[in-house]
Amino acid sequence: MRTAVILAGGKGSRLNFVEKALLELHGKPILNHIIETLSRCVDEIIVVARDEEQQRKLHLAGVTIVRDEIQDFGPVAGICSGLSASSALYAFVAACDMPFIKANVVDLLFRKAEGYDVAIPYPPEPLHAVYRRDATIRAAKAAIQRRKGAIMYVVDQLQVNFVPKDEIRLIDPSLCTFVNINSLEDVEILNKKKLCD
């Protein structure tokens with residue numbers, strides 16, 4: 001069984017506090033693009049919201065929505081909450097601002113994670129990686145206890161298989177899977193032209 005955890009809890013501070021996951025790209029919210037892709041390669045999708053209000057906004061059929069157990073601690077808390085709700089040994093973890101995630105790249109990362117605690121593209125993309133559930137929860141809880149909010153602090157506690165992006169290029173030549181949206185201008189540009197299919 002495979003799980004995907006989508007972290008949607010960011011406050012959108014660089015986007016005038018607009019819900020990044022709900023920004024429309026080519027006629028539908030970014031989150032819907034991600035869910036459609038991931039539903040082809042995982043058995044379970046969990047979306048992590050920052051609070052009850054955001055949880056209501058993100059209501060989606062067939063998707064489990066959980067909240068950050070620890071408020072205002074960023075992606076480390078989100079990963080911990082998402083993995084805690086998962087029933088799979090491994091989970092793909094992604095940010096909610098990556099609308100062009102490729103199912104074949106996710107498949108590759110699941111294969112590369114076998115025997116490790118995490119398979120992460122290199123140079124590091126910690127919010128586009130496959131994590132072993134129990135080991136990552138332990139590392140995330142330890143990071144939270146030590147007030148270490150950087151996701152790479154968690155990664156450094158794990159047995160890592162770094163997957164070179166040159167290897168990923170063989171199945172995603174433009175590395176579209178890593179394109180992320182950081183501003184409203186990014187959305188405008190991507191709505192005007194299709195950079196990735």
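Note that the structure is a prediction, hence the values are computed from the model and not measured. Just so you know, these numbers use all the heavy atoms, side chains as well, and skip hydrogens, waters and symmetry mates.
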All salt bridge (charged side-chain N to carboxylate O under 4.0 Å, His left out) counterparts of [X], not counting sequence neighbours:
X      : result
Glu114 : none
Asp117 : Arg132
Glu69  : none
Glu44  : none

Check: Ala113 main-chain N/O paired with Tyr90 side-chain donor or acceptor under 3.5 Å: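 Here the side-chain-to-backbone pair exists.
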
Side chain to side chain donor-acceptor pair (under 3.5 Å) partners for [X], two or more places apart:
X      : value
Ser81  : none
Arg133 : none
Asp107 : Arg2

Of all pairs that satisfy ring-ring contact (aromatic ring centres under 6.0 Å, His included), the ones with a partner from residues 155-175, not counting sequence neighbours: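 Found Tyr122-Phe162.
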
Counterpart residues, side-chain contact (heavy atoms from CB on, under 4.5 Å), relative to Ser39 (two or more places apart):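 Ser39: side-chain contact (heavy atoms from CB on, under 4.5 Å) contacts with Ile45.
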
With sequence neighbours excluded, residues passing ring pair (Phe, Tyr, Trp, His ring centres under 6.0 Å) with Phe92: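 So Phe92 forms a ring pair (Phe, Tyr, Trp, His ring centres under 6.0 Å) with His128.
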
Pairs satisfying side-chain hydrogen bond (donor to acceptor under 3.5 Å, both in side chains), at least one member in residues 134-160, at least two apart: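 Those involving residues 134-160 do not exist here.
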
For residues 163-170, run the donor-acceptor check on the side chains, cut-off 3.5 Å, and write out each pair with its distance to 0.1 Å, sequence neighbours left out.
from, atom 1, to, atom 2, distance (Å)
Lys165, NZ, Glu125, OE2, 2.7
Glu167, OE2, Lys112, NZ, 2.9
Arg169, NH1, Pro173, O, 3.2

